[in-house]
Q: 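A single structure is presented below for examination.
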Amino acid sequence: IEKQRGISVTSSVLQFNYQGKCINILDTPGHQDFSEDTYRTLMAADSAVMVIDAAKGVEAQTIKLFKVCTLRHIPIFTFINKMDREARDPFELMENIETILGIKTYPMNWPIGCGKEFKGVFDRGTRKVLAFESDGRANGVKMVDEITAELGAPEMDELIGAANHQKLADDIELLDGAAEEFDLDAVQHGQLSPVFFGSALTNFGVEPFLKEFLRLTPPPLPRKDAPTGDVVDPCSEQFSGFVFKIQANMNKNHRDRIAFERGMEAFHVQEGKNIKLATGTSLMADDRAIVDEAYAGDIIGLFDPGIFSIGDTLCTGKQHVQFAGIPTFAPEHFARVTQVDTMKRKQFVKGMEQIAQEGAIQIFRDLGSGMEEVIVGVVGVLQLEVLEYRLRNEYNVDIRMQTLPYEHLRWIMNDPDELDPKTLDLTSDTRCIEDLKGNHLLLFGSPWSINWAEQHNEQLKLSEFGNLTF
């Protein structure tokens, strides 16, 4: 599906070393239909790189993801991409980011022209010009040496042209006089975003960005133990980590499942028992390598025998820690799903449960019913296509899918012993369901139905999020 659509549908992990630093990259889907996977991945990140299209500015899905970053107060770096194509005015792009996202910006470099007239960038720190010259190929760029030249010097006219030189001098004078002051503390608390300009496809501006990113971003951050509120030191001798992603069928021939763990024998907090961890795996695109040791901030893959769930904590030591769970977001699209061949019920149930445990879909059923017929909830409709494709190709199961007219889902937060959902006063387009853990939920056809439920059932407590512990 990724090749057919030209989009990524799941987060990927890769690790590499650069200038003596070990970098773990979590590449997330950009398509809004798969934004929930990105939400969960951001819960594991220590900083975020926000890539903005120079022609489009801030897009709708960026706003949602930005809210998760601000919730955790992690540093946000901005790379304004595709400057080698026609682009909006850079001042307009800066204002766009500040107005829509509500974060202050500080341009670390400044573009000289755009599209066919793109001449490079001016580094505000070193006062050097990094010139750009494309050789016409998609990823081919002739990198002219960094040139130190004072604004106003004759050699600048020869390098970028007199008109570009004059405009650059005016822009830099305006930035130096009116722009935000650089504040490293504000950057590391997610209040000020350093902005870089470049062209990722032609690999222009990426290396300078990476060098500055490594200089400014903090090392792995401490986290809080949810039950006590105590800070867990990333340099502690005791191991701790949490599962933020589960991926089934990493190797189709072996039907294996990998749990991606940030972080022998360890204590599985949610199960309440010690477990023997299988060999750790580091990942780089399609390649995998066995690892004997890992440090704070590392992403490792563990073989999952079917006991892990997203948000689970593993730890060692006498003092057990438990990290805050990763919230479950309310789906916006729903469908009734059944298998075509009833003889393949076992494969159907296994496939649905494994894909649900990855967080790609959410499974519900009517109160007290089995898995013969389930209700699937997703954030975006493309996820339903992915579900159908994966069940057919990975589990050899064909399904029937019927979309349902529901638009909203709410978790019932009341104690099940105190409130029976069957006794609630609800509208005709409201449906009582439960998830695989037995939690009770309500499906609504409209916001009006939600208001009716809340007004006619004073004791009813509803939430837009499941597993909300932070």
Q: Testing the 3.5 Å rule here: is there a donor-acceptor pair between the side chains of S193 and T105?
A: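 Side-chain D/A pair, S193 to T105: absent.
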
Q: How would you list, by chain and number, every residue that makes a side chain to side chain contact (heavy atoms under 4.5 Å, CB included) with V231, sequence neighbours excluded?
A: P222

Q: Sub-3.5 Å donor-acceptor pair from the side chain of D425 to the main-chain atoms of H456, do we have one?
A: no

Q: Does Q383 reach the main-chain N or O of G380 with its side chain, forming a donor-acceptor pair under 3.5 Å?
A: yes

Q: What residue pairs, at least two apart or across chains, pass salt bridge (charged side-chain N to carboxylate O under 4.0 Å, His left out) with a residue in residues 403-412?
A: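 Sorted pair list comes back empty.
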
Q: Minimum heavy-atom separation for S449 and T430, please, with both atom names.
A: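 Looking at all heavy atoms of both residues, the closest pair is CB-OG1, 3.8 Å.
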
Q: Tell me, which pairs form a side-chain hydrogen bond (donor to acceptor under 3.5 Å, both in side chains) where one or both residues lie in residues 412-422, sequence neighbours left out?
A: none

Q: Could you pull out all residues at least two apart from F79 that satisfy ring-ring contact (aromatic ring centres under 6.0 Å, His included)?
A: F209

Q: Name all residues meeting the ring-ring contact (aromatic ring centres under 6.0 Å, His included) criterion together with H268; count only those two or more places apart in sequence or in a different chain, and write none if there are none.
A: F308

Q: Side chain to side chain contact (heavy atoms under 4.5 Å, CB included) for Q354 and V349? Distances and angles first, verdict last.
A: CA-CA 9 Å; Q354 288 192 348; V349 172; over 6 Å; no

Q: Look at atom CD of E237 and say whether more than 12 heavy atoms of other residues, nucleotides or ligands are closer to it than 6.0 Å.
A: no

Q: Sequence neighbours left out, cut at 3.5 Å: what donor-acceptor pairs do the side chains of residues 185-192 make with other protein atoms?
A:
| from | atom 1 | to | atom 2 | distance (Å) |
| --- | --- | --- | --- | --- |
| D185 | OD1 | H189 | ND1 | 3.4 |
| Q188 | NE2 | L216 | O | 3.0 |
| H189 | ND1 | D185 | O | 2.9 |

Q: Just jot down the ring-ring contact (aromatic ring centres under 6.0 Å, His included) partners of H73, sequence neighbours excluded, or say none.
A: none

Q: For the atom pair CG (L409) and CG (D435), what is the distance rounded to the nearest 0.5 Å?
A: 9.0 Å

Q: Using the side chain to side chain donor-acceptor pair (under 3.5 Å) criterion, which residues pair with W452? Sequence neighbours excluded.
A: none

Q: Taking only Lys NZ, Arg NE, NH1 and NH2, and the carboxylate oxygens of Asp or Glu, determine whether R365 and E434 approach each other closer than 4.0 Å.
A: yes

Q: Using ring-ring contact (aromatic ring centres under 6.0 Å, His included) as the criterion, list what pairs up with F182, not counting sequence neighbours.
A: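 For F182, the residues satisfying ring-ring contact (aromatic ring centres under 6.0 Å, His included) (neighbours in sequence not counted) are Y106.
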
Q: Looking at R392 and D398, is there a salt bridge between them, counting it only when a charged N and a carboxylate O are closer than 4.0 Å?
A: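 Judged by the 4.0 Å cut-off on N to carboxylate O distance, D398 and R392 do form a salt bridge.
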
Q: With Q347, which residues qualify under side chain to side chain contact (heavy atoms under 4.5 Å, CB included), at least two apart?
A: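 Once residues adjacent in sequence are excluded, the partners of Q347 under the side chain to side chain contact (heavy atoms under 4.5 Å, CB included) criterion are K344, V397.
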
Q: With A87, which residues qualify under side chain to side chain contact (heavy atoms under 4.5 Å, CB included), at least two apart?
A: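 In terms of side chain to side chain contact (heavy atoms under 4.5 Å, CB included), with neighbours along the sequence ignored, A87 is linked to A54, M83, C114.
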
Q: Would you say E181 has more than 12 foreign heavy atoms packed within less than 6.0 Å of its CD?
A: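 No, CD of E181 has 12 or fewer neighbouring heavy atoms, counting only those of other groups under 6.0 Å.
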
Q: Side-chain polar contacts of residues 368-377 - donor-acceptor pairs under 3.5 angstrom, sequence neighbours left out - could you list them?
A:
| from | atom 1 | to | atom 2 | distance (Å) |
| --- | --- | --- | --- | --- |
| S369 | OG | D366 | N | 3.3 |
| S369 | OG | D366 | O | 2.7 |
| E373 | OE2 | R336 | NE | 3.1 |

